[in-house]
Amino acid sequence: MLERDFLGFINEKRLFGCADCILLAVSGGLDSVVMADLFQRTGLRFAIAHFNFGLREDESDGDAVFVQNMAIDYGVPFHLTRFETKAIAAERGISIQMAARDLRYDWFRQLIRAHGYNGVATAHHQNDVLETLLLNLTRGTGLAGLHGISARQDDIIRPLLFATRQELEAYVAIRNLSYREDRSNADDKYARNRIRHHVTPILHELNPGLWHTLPRTVERLRAAEALVRDELDRSWQVVATPVMNGFFLPADKLLAQPELAFRLTEWLKPYGFTEGQTLQMIESLHRQTGQTFLSAGINEAVTRITHDRLNKMTGLLLEPFRAHTPYEIDVASWSGVPINVAGYFTLTFGVEAKPAGFTPATDPNSACLDADQVVFPVTIRPWQLGDRFRPLGMAGTKLVSDLLNDLKLSRHEREQTAVVLSQGQIVWVIGRRIDHQYRVTTRTKNVLTIVRSDL
């Protein structure tokens, strides 16, 4: 009996508990009508939600009335909403199908939060699994796309995945259930319908046991995906070195990985990078550093990957991207209050009389200067091409760009390098070198200390 298999599947997959109340997404079509009836006959707690997409005018309104009457007959809570899906899809620049999906799942989750439901149940079944698998296969997919639809994904549950469409049709006939027929299901302009009407019957002819072999195949694919995920996580831990706000992937470790293109694509997919970009990244590892890649952005967050150098190693530097805007900060005096420099770091200025036996700090993030040589206000700004100063201990001057090249700094480090100027002259290339003119000498009476701290 379908009721027995229904409860067995829920228990086997641990979809929800017997005391939970589940929100059923009911369109009024055959599949969702069967799902609601099974919940009712097996004594499970549920409510019904219907989303009117406004796509079929009077028919859509008729669906809403039908589902509402079903909820009344069952004596369960009913939720209804309507959106002008076509207009919203056009406004967002996406397909009607994508807009409809996003709108209804957003609404379902609002209902979960508002009413304390334990999940949303949709009426996907075995035929949907096969259709999704074939659609993904024709469009190009990985293992996740081949196993199709999961029985549970976050707060979405699919308690009919054990059944075929034919079994649901037989149940409707036995129970003499009424349902609404969506005319668009017969329209072959939709790819899914063409698979349903033309491809699936041929596959069933080739293998009459298709609906018995498909679940086992899907489970094997899901198991294979889990193993691949474990290996991807393990190898990411081997390759990726955490750095400030991101990760550094050394070239030697990357190139030692088998199937690198696949690994890198999967690693970087959550950041919004495409397979084409990852192939270009791998090619860049065999050339000079400097090439940069920007992601398409996930939730408007853009990530940058640069073929760069870090700690004398070359590799891929992954970090959040934000456009660098010019800034110029004037500091009137050494107040001792930390100064926020464009959200990158702070500088704190302090002055004291030079103590006996004073030795300048060796920390590169601290600059000890002759306070009487530094004229306030001083200016903090990013270094610029053409900037020149006399590094401590040198007889002549040097371009800041040459200093940064000599230090083999990464692009990220170069971009965040700034300078402190007094009367237009560089006092300190922050975190790198002070100017020789402003050094502490035996004649120095007061020491100006500037300390850089990361935010």
Side-chain angles (χ1 to χ4, degrees), residues 1-16 18 22-46 48 50 63 66-67 70 73-74 76 119-136 146-153 156-186 190 192-222:
M1 294 177 61
L2 203 65
E3 293 96 327
R4 180 195 59 207
D5 294 340
F6 173 70
L7 290 176
F9 184 75
I10 291 171
N11 291 330
E12 176 191 349
K13 300 298 182 182
R14 299 181 180 179
L15 298 185
F16 55 90
C18 59
I22 305 300
L23 182 66
L24 308 188
V26 179
S27 66
L30 182 145
D31 308 338
S32 60
V33 164
V34 171
M35 178 175 69
D37 195 67
L38 286 170
F39 266 81
Q40 175 73 6
R41 284 176 61 80
T42 54
L44 298 173
R45 298 178 62 220
F46 67 100
I48 288 178
H50 179 79
D63 292 345
F66 175 84
V67 176
M70 179 192 303
D73 290 342
Y74 286 149
V76 298
V120 175
T122 64
H124 294 94
H125 47 74
Q126 279 289 303
N127 296 60
D128 294 314
V129 173
L130 179 60
E131 291 162 10
T132 300
L133 186 156
L134 294 173
L135 275 174
N136 291 340
L146 289 179
H147 65 60
I149 306 169
S150 301
R152 176 152 197 157
Q153 185 175 5
I156 307 299
I157 61 177
R158 302 177 177 95
L160 297 188
L161 280 188
F162 69 95
T164 66
R165 170 77 180 191
Q166 292 74 12
E167 289 171 322
L168 302 185
E169 291 171 346
Y171 182 87
V172 164
I174 293 171
R175 293 275 299 136
N176 195 27
L177 297 175
S178 299
Y179 62 91
R180 300 278 292 182
E181 189 63 63
D182 184 344
R183 286 184 300 171
S184 66
N185 288 335
Y190 299 109
R192 183 177 288 274
N193 287 349
R194 291 200 296 275
I195 290 175
R196 180 178 303 157
H197 300 151
H198 306 293
V199 178
T200 301
I202 293 174
L203 294 177
H204 195 263
E205 287 179 12
L206 292 172
N207 177 18
L210 176 65
W211 302 118
H212 297 289
T213 59
L214 179 64
R216 293 198 296 270
T217 300
V218 167
E219 285 304 316
R220 285 193 289 268
L221 288 169
R222 187 168 286 116

Pairs flagged by side chain to side chain donor-acceptor pair (under 3.5 Å) wherever residues 203-212 is involved - sequence neighbours left out: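 Matches after skipping sequence neighbours: N207-T213.
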
Ring center gap for F39 and F16 short of 6.0 angstrom: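 Yes - the distance between ring centres of F39 and F16 falls below the 6.0 Å cut-off.
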
F162 CZ: over 12 foreign heavy atoms closer than 6.0 Å: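 Counting neighbours around CZ of F162, more than 12 heavy atoms of other residues, nucleotides or ligands fall under 6.0 Å, so yes.
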
Side chains of [X] and [Y], heavy atoms from C-beta outward: is any pair under 4.5 Å?
| X | Y | value |
| --- | --- | --- |
| Y171 | E3 | yes |
| R196 | N127 | no |
| R45 | I22 | no |
| L130 | V199 | no |
| Y179 | L168 | no |
| D128 | H125 | yes |

Going from [atom1] on [X] to [atom2] on [Y], what distance comes out if it is rounded to the nearest 0.5 angstrom?
| X | Y | atom1 | atom2 | result |
| --- | --- | --- | --- | --- |
| T42 | I10 | OG1 | CD1 | 6.5 Å |
| S27 | D63 | OG | CG | 7.0 Å |
| R152 | K13 | CZ | NZ | 13.5 Å |
| L38 | M1 | CG | CE | 9.5 Å |
| T200 | R194 | OG1 | CZ | 13.0 Å |
| E12 | L7 | CD | CG | 12.5 Å |

Return yes if some donor-acceptor pair links the side-chain N/O of [X] with the main-chain N/O of [Y] below 3.5 Å, else return no.
| X | Y | value |
| --- | --- | --- |
| E167 | T164 | yes |
| Q126 | L161 | yes |
| S150 | Q153 | no |
| D5 | L2 | no |
| T132 | I149 | no |
| D37 | V33 | no |

Reference residue S32; test side-chain contact (heavy atoms from CB on, under 4.5 Å); the match among V26, T122, V67: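 Among the candidates, only V26 passes.
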
Verdict with reasoning, L44 to F6, per side-chain contact (heavy atoms from CB on, under 4.5 Å): CA-CA 11 Å; L44 298 173; F6 173 70; 3.8 Å; yes

Test: R216 and E219 ion pair at under 4.0 Å: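 Salt bridge: no.
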
Ion pair D31/R165, N-O distance below 4.0 Å: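 Judged by the 4.0 Å cut-off on N to carboxylate O distance, D31 and R165 do form a salt bridge.
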
Residue pair [X] / [Y]: nearest heavy atoms and the distance that separates them:
| X | Y | answer |
| --- | --- | --- |
| A36 | L24 | CA-CD1, 3.7 Å |
| A151 | F9 | CB-CZ, 4.0 Å |
| M35 | A25 | CE-O, 3.7 Å |

Working for side-chain contact (heavy atoms from CB on, under 4.5 Å), residues R175 and R41: CA-CA 11 Å; R175 293 275 299 136; R41 284 176 61 80; 3.2 Å; yes

Criterion side-chain contact (heavy atoms from CB on, under 4.5 Å) on F66 and H50, from CA distance to verdict: CA-CA 10 Å; F66 175 84; H50 179 79; over 6 Å; no

